[in-house]
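For ligands, and for the atoms within them, numbers begin at 1 and follow the listed sequence. Every value quoted in this text rests on a predicted model; they were computed, and no experiment measured them.
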Amino acid sequence: MEIIHVSAECYPIAKVGGLGDVVGALPKYQNKLGHFAKVVMPAYETRFMRENEFEVVYDGWGKLGFQNFTVRIFREKTNKLGFDLFLVHIAGLTDRPQVYGYPDDTERFLAFQIAVLDWMAQWEHLPEVVHCHDHHTGLIPFMMSNCINYRKLSLVPSVLTIHNAQYQGQFGWDKLHYIPAFDAWRSGQLDWKGAINPLAAAIKCAWRITTVSPSYLDEISYQANGLETLLAQERGKSTGILNGIDNEVWDPAQDQLLHKNITIKTVESAKKANKAAICSVFNLNPENPLFTFIGRLVGEKGADLLPEIFYNALHQANGKISVLVLGSGDPQVEGRLAQLKEIFPGHYNAYIGYNEALSHQIYGSADFLLMPSRVEPCGLNQLYALRYGTIPIVRRIGGLKDTVIDIGDGGFGICHDQTSVWDVGHALGRAYDLYQDKKRVKEIRKTMMQIDHSWDKAAQEYINLYQI
Ligand code: ADP
Ligand code: GLC
């Protein structure tokens, strides 16, 4: 099958969170199954763009309302990522260093989606499926089935994967003229609660919907930032498919970014060496259990509670735990997490920012990883942690619920029910007690590391879904 993934992120070209990891891996694994999965994404001003070789496959121009824009589409020449990669360059809109966060993001992603469809509508053949990821590409299913210019694509099946329904990309009806001409009576498909809502439009128009874990599919019928009733209504065409991980990128036995590689046999000594190395960089005591949080510092992740959680834990442990945070996001949370360094020198440290290499090193050295998420559609951090021998401490929600079993139930993680300072504090206490039982920790690590979360299975599940 020829599958066209359209996304705002794709690792290693541009990654903000797990969406990038998924789109950088799923197509590769689909190709291993004998398919032709390709990725189309905006051409940002990134290192990847500067350091790789491309050929131009399309030169044209598009229209966004009353404005024209020029489009150039590049194909990465070597296919080294395991899939064909197409980068859509729109002068003045995509060519910026960041993926998101500009005041004209609506215009940027709309122009991108229009350019992708203008290009595809000129192909001599039709792909078997167009697979859209999140709201940045959410108007594609609507435009494919309704816009006059894209009639040729109207019978191509479209799939929407919801990585996170919290973000929907809404904009006002005053921008309706941005969308290429369609029969006006169909405009209701774009609407949700009085705005044009790209995620809602995709939920209505895509042929199939997937969420990135089965539990998240259940949860969004009562918690989806206002889209609950729509999602409940469209449940019939929805499936929850648990994300995998790219076992080649996240392989502790081969990972070049680790101080010492980790195998099931060497896990204790390798993790100890990695912990010593990272603790010397961050001035932490390597004899203590090392707790970490890695992620976006936003409410969904429960990050606002972290300063209090860590303050209490460090205070109570009285020098017997070490904590290392890697994250960026809400400036207030960033500030409070940075302040803790002064209160607990030698026991707490934080790297405020994004650092891919450091994230690998922390997964490879920490004893426990916290994920007190309020919302977690899948979560990849806990899957990386499992593979790197780091015991996850997670709230029972979404994908966390689907992938982590509590040690009290014969499992390998520590689970709690609420995103609250008390609940997480109690979980940290359980982790501290567990750490004292070295034999049990060793067994748990070995069990965790053997769990197979690779994309092999899920890649096939998507193929089955496309064929329905
Ligand atoms: P989300 O996509 O909601 O942020 P996921 O758990 O699916 O959450 O994926 C997060 C991904 O981003 C993981 O690969 C994680 O290691 C990475 N990540 C998050 N924050 C940082 C950071 N500050 N530095 C490096 N990697 C990060
Ligand atoms: C989103 C979700 C996260 C998920 C990721 C990849 O960013 O917040 O839970 O793992 O997408 O699907």
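Given atom 25 (C) of ligand 1, the protein heavy atom at minimum distance is Asn355 O, 3.3 Å. The protein non-hydrogen atom at the shortest distance from atom 8 (O) of ligand 2 is Asn164 ND2, 3.2 Å. From the protein, the heavy atom lying nearest to atom 20 (N) of ligand 1 is Gly295 CA, 3.4 Å. Closest protein heavy atom to atom 11 (O) of ligand 2: His163 CB, 3.3 Å. Protein heavy atom closest to atom 18 (N) of ligand 1, with residue, atom name and distance, is Tyr354 CE1, 3.9 Å. Among protein heavy atoms, the minimum distance from atom 3 (C) of ligand 2 is reached at Glu376 OE2, 3.4 Å. The nearest protein atom to atom 4 (O) of ligand 1, hydrogens excluded, is given as Arg296 NE, 2.7 Å; this is a heavy-atom distance. When only non-hydrogen protein atoms are considered, atom 5 (P) of ligand 1 lies nearest to Leu380 N, 3.6 Å. Closest to atom 10 (O) of ligand 2 among all protein heavy atoms lies Gly379 N, 2.7 Å.
Heavy atoms of Tyr363 approach ligand 1 to within less than 4.0 angstrom. The shortest heavy-atom distance from Cys378 to ligand 1 is not under 4.0 Å. Every heavy atom of Gly17 sits 4.0 Å or more from the atoms of ligand 2. Remark: distances from the non-hydrogen atoms of Tyr11 to ligand 1 are all 4.0 Å or more.
The distance criterion of under 3.5 Å between nitrogen or oxygen atoms is not met by Gly17 with respect to ligand 1. In terms of polar-atom proximity, defined here as any N/O pair under 3.5 Å, Cys378 does make such a contact with ligand 2. Checked against a 3.5 angstrom limit, the closest N/O atoms of Asn381 and ligand 1 fall inside it. Checking only distances, Gly18 does come within under 3.5 Å of ligand 1, N or O to N or O. Among the atoms of Glu356, none of the N or O lies under 3.5 angstrom from an N or O of ligand 1. In terms of polar-atom proximity, Gly353 is counted as a contact of ligand 1, with an N or O under 3.5 Å from an N or O of the ligand.
Applying the side-chain hydrogen bond (donor to acceptor under 3.5 Å, both in side chains) test between Lys38 and each of Gln30, Glu2, His131, His5 identifies Glu2 as the sole match. Partner of Tyr384 under the side-chain hydrogen bond (donor to acceptor under 3.5 Å, both in side chains) criterion, chosen from Thr390, Asp246, Asp21: Asp21. Considering Lys442, Lys272, Arg445 as possible partners of Asp367, the one that fulfils the salt bridge (Lys or Arg N to Asp or Glu O under 4.0 Å) test is Arg445.
Under 4.0 Å from ligand 1, the heavy atoms of Lys15 that appear belong solely to its side chain. Of all the heavy atoms of Asp21, the ones lying under 4.0 Å from any atom of ligand 1 belong exclusively to the side chain. By the criterion of a heavy-atom distance under 4.0 Å, the side chain of Lys301, and not its backbone, is placed next to ligand 1.
Within ligand 1, the atoms closer than 4.0 Å to a non-hydrogen atom of Gly327 are 23 (N), numbered from 1 in the order shown. For ligand 2 and Val22, the ligand atoms under 4.0 Å from any heavy atom of the residue are 6 (C), 12 (O). The ligand atoms of ligand 2 that sit less than 4.0 angstrom from a heavy atom of Asn243 are 6 (C), 10 (O), 12 (O). Remark: ligand 1 atoms within the under-4.0 Å shell around heavy atoms of Tyr384 are 13 (C), 14 (O). Those atoms of ligand 2 with a heavy atom of Val212 less than 4.0 angstrom away are 12 (O). Close approach of ligand 1 to Leu326 (heavy-atom distance below 4.0 Å) involves ligand atoms 22 (C), 23 (N), 24 (N), 25 (C).
Scanning both residues, Gly398 and Ser213, for their nearest heavy atoms gives C-OG, 3.7 Å.
A donor-acceptor contact shorter than 3.5 Å links the side chain of Gln382 to the backbone of Cys378. Checking side-chain atoms of Lys271 against main-chain N and O of Gly389 turns up a donor-acceptor pair under 3.5 Å.
Side-chain contact of Thr210 with Thr161: a donor-acceptor pair under 3.5 Å is present, judged by distance alone. Asn464 and Gln460 share a donor-acceptor pair across their side chains, judged by distance under 3.5 Å alone. Side-chain polar atoms of Tyr100 and Glu9 form a donor-acceptor pair below 3.5 angstrom. In the model, Ser221 has no side-chain atom that pairs as donor or acceptor with a side-chain atom of Glu228 under 3.5 Å. Checked by atom type, the side-chain pair Asn79/Asp84 shows a donor-acceptor distance below 3.5 Å.
Taking CG of Leu231 as the start and OH of Tyr222 as the end, the distance is 13.0 Å to the nearest 0.5 Å.
Between Phe368 and Leu434, some side-chain heavy-atom pair lies under the 4.5 Å cut-off. At a threshold of 4.5 Å between non-hydrogen side-chain atoms, the residues Phe344 and Val323 do not count as touching.
For the pair Arg96 and Tyr44, the NZ or CZ position fails the cation-pi test of under 6.0 Å to the six-membered ring centre and within 45 degrees of the ring normal.
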Working for side chain to side chain donor-acceptor pair (under 3.5 Å), residues Glu76 and Asn52 | CA-CA 7 Å; Glu76 192 273 323; Asn52 288 278; over 6 Å; no

